[in-house]
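This report refers to the structure that appears directly beneath it.
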Amino acid sequence: MTEQATKTDVGVSQVKCIGCGRTALPDRFRCETCRDLLEIIYPGWEPQGPYGLNAASLKKLWRDRKSSLEPADQSGVWRFREVLPEIAEDKIITIREGNTPLYELPHCAKSAGIKYLYAKHQGMNPTGSFKDTGMTTAASFARAAGYKWVACASTGNTSASMAAYAARGGLRSLVLIPDGKISWGKLSQSLDYGAITVQLKTDFDGCVRVLNEVVERMPVYLLNSVNPYRVEGQKTVAFELLEQRGWEAPDHIIAPGGNLANSSAVGKALREMKQLGFISRVPKVSVIQAEGANPLVRSVRENGGEKLIAVHAETMATAIRIGNPASWKKALRVIRETGGEVEQVSEVEIALAKAEIGAEGVGCEPASAVTLAGLKKLVKQGFVKPNETVVLVLTGHTLKDADFTLKFHRGDLFEGTPHKAESNTLKPLQRSPLVLEPRVDAVIELLQSAE
Ligand code: F0G
């Protein structure tokens with residue numbers, strides 16, 4: 001790993017600082033002048049649209065690609081490549097990400113007190129989380145730029161995804177994760193896909209600090225969500241969602257907030273769709289955090305979002321156990337631009353919402369369930385009206401954290417925690433596995449009593 005990082009002119013789009021607006025080299029993550037984050041912009045879209053294509057032509061092109069046999073067309077990310085940074089087709093690493101379902105959630109809607117509730121289930125991606133949509137773009141860029149090594153710090157999903165894309169693309173990968181604080185399912189994925197996996201004796205924020213130094217000193221390409229190419233791929237969730245709704249915007253989109261890149265990506269997509277004439281009205285984007293990992297909520301409430309209040313994060317929704325989110329400025333811009341809200345939810349509220357989403361036959365991991373828990377609060381506050389249409393972004397598959405689900409149903413999730421008394425409200429949703437003698441009568445009796 002001694003050769004120098006390659007700077008290339010692979011990208012034709014521009015990388016710009018969100019703070020001072022200076023352009024940056026394509027393989028950078030922060031502005032060399034003001035250290036703010038970077039984003040990818042598309043000056044070439046004006047005035048006719050990407051490649052001279054208007055919204056109507058793009059909609060048709062993207063729909064037609066669904067019946068193509070080409071790998072890039074079968075990807076739910078690269079299908080939208082006209083609104084992504086240009087990467088040579090032979091460098092694209094795809095595991096057929098995206099193309100995720102939009103489900104109606106009638107029972108959760110009722111529980112929240114609204115009529116029209118949908119889930120855009122990003123947990124139905126190849127490695128089981130939304131990370132795949134951004135990983136395909138950023139890992140492909142790494143390959144096109146000539147990197148041999150990629151690395152990330154992660155609460156588990158980014159590492160699973162990065163390890164898979166690196167393996168598919170012939171890259172080596174290094175994962176830094178907080179020791180003992182990620183689900184074993186996610187850890188096992190990273191091992192299975194062949195990453196060098198290191199459990200650091202710190203939290204996610206500590207892993208980020210260490211990795212930032214490592215990538216400064218070694219020719220390793222950083223695949224954390226500060227990587228602007230990640231955000232571009234993650235944008236496609238909103239394009240696909242709008243396509244699935246016949247290009248009719250919902251009133252609200254609600255996303256969980258961790259490092260705050262996903263909500264930034266959704267907002268960037270909506271901004272671009274408005275600019276390109278795909279939609280005339282932009283949905284309100286709201287971000288929900290866990291009470292124990294609420295830096296954005298605190299910053300907005302305590303200083304109007306002027307500066308980030310970093311916190312020591314603690315939540316059972318380990319995917320969003322993040323106290324010092326890198327993309328907070330981008331997310332805040334989206335919330336402000338679209339007129340969304342920030343809200344926080346308790347551990348018991350998360351567990352309840354997760355069980356309700358599971359009981360719809362859909363399921364998700366705990367971090368995704370904050371969206372439903374947050375929606376309930378936003379309805380109570382009158383911010384979401386009963387007849388408005390809401391889409392929750394479910395970010396991870398229910399199997400990502402089977403331990404949480406098993407403990408919930410066995411009734412010991414909150415054992416030994418301060419939430420034990422409050423968690424009694426969860427009993428009606430708990431379904432502990434039953435043990436019976438192997439007798440037909442016993443099973444029939446059980447069935448009859450369940451009628
Ligand atoms: N939901 C899930 C399932 C996640 O894994 C994450 C982030 C988020 C929500 C929050 O998204 O960071 O863009 O605000 N997981 C990262 C990881 C940090 O390392 O897997 P965000």
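Start at 1 and go down the list; that is how both ligands and their atoms are numbered. For the single chain, residues carry numbers from 1 onward in sequence order.
- Under a 3.5 Å cut-off, the side chain of Ser13 and the backbone N or O of Pro85 do not form any donor-acceptor pair.
- Atoms of ligand 1 lying under 4.0 Å from any heavy atom of Ala261, numbered from 1 in the order shown and given with element: 13 (O), 14 (O), 21 (P).
- If you look at Trp62 and Phe278, their ring centroids are closer than 6.0 Å.
- In terms of polar-atom proximity, defined here as any N/O pair under 3.5 Å, Glu365 makes no such contact with ligand 1.
- In terms of protein heavy-atom proximity, atom 13 (O) of ligand 1 is nearest to Asn262 N, 2.8 Å.
- Taking 4.0 Å as the cut-off between side-chain N and carboxylate O, Glu314 and Arg321 count as a salt-bridged pair.
- Annotation: Gln234 places no N or O atom under 3.5 Å from an N or O atom of ligand 1; distance criterion only.
- Ring to ring, Tyr193 and Tyr165 are not that close: their centroids are 6.0 angstrom or more apart.
- Salt-bridge check for Lys330 with Glu39: failed, with every basic side-chain N at 4.0 Å or more from each acidic carboxylate O.
- Taking a 4.0 Å cut-off on heavy atoms, Asn224 fails to register as neighbouring ligand 1.
- For Ser299 (side chain) and Ile309 (main-chain N/O), a donor-acceptor pair under 3.5 Å exists by modelled atom type.
- Of all heavy-atom pairs spanning Val297 and Glu343, the tightest one is CG2-O, 3.6 Å.
- Listed by atom number, the atoms of ligand 1 under 4.0 Å from Thr158 heavy atoms are 16 (C), 17 (C), 19 (O), 20 (O).
- Considering both main-chain and side-chain atoms, Leu260 comes within under 3.5 Å of ligand 1 through a nitrogen or oxygen pair.
- Backbone and side-chain nitrogen or oxygen atoms of Thr155 are examined, and one is located within less than 3.5 angstrom of a nitrogen or oxygen of ligand 1.
- Looking at Lys400 against ligand 1, nothing comes within 4.0 Å, counting heavy atoms.
- For atom 10 (C) of ligand 1, the nearest non-hydrogen atom from the set Gly258, Ser327, Pro178, Gly396 comes from Gly258.
- Taking the six-membered ring for Trp and the full ring otherwise, Tyr229 and Tyr221 have centroids separated by 6.0 Å or more.
- No salt bridge links Glu415 with Arg410; every basic N to acidic carboxylate O contact stays at or beyond 4.0 Å.
- For a threshold of 3.5 Å applied to N or O pairs, the pair formed by Phe130 and ligand 1 contains no separation below that value.
- Nearest protein heavy-atom neighbour of atom 12 (O) of ligand 1: Asn259 N, 2.7 Å.
- Nearest protein heavy-atom neighbour of atom 1 (N) of ligand 1: Thr395 OG1, 2.7 Å.
- Summary of contacts: the protein heavy atom closest to atom 15 (N) of ligand 1 is Lys131 NZ, 2.9 Å.
- A 6.0 Å sphere centred on NZ of Lys274 holds no more than 12 heavy atoms belonging to other residues, nucleotides or ligands.
- Against a heavy-atom cut-off of under 4.0 Å, Ile320 is close to the following atoms of ligand 1: 8 (C), 9 (C), 10 (C).
- Annotation for Arg168: atom CZ does not count as buried by contact number, only 12 or fewer foreign heavy atoms lying within 6.0 Å.
- A heavy-atom separation below 4.0 Å is not found between Ser129 and ligand 1.
- Under 4.0 angstrom from ligand 1, the non-hydrogen atoms of Ala367 all belong to its side chain.
- Near Ile322, the atoms of ligand 1 lying under 4.0 angstrom from a non-hydrogen atom of the residue are 18 (C).
- Of all atoms in ligand 1, numbered sequentially from 1 with element shown, those under 4.0 Å from a heavy atom of Asn157 are 2 (C), 3 (C), 4 (C), 5 (O), 20 (O).
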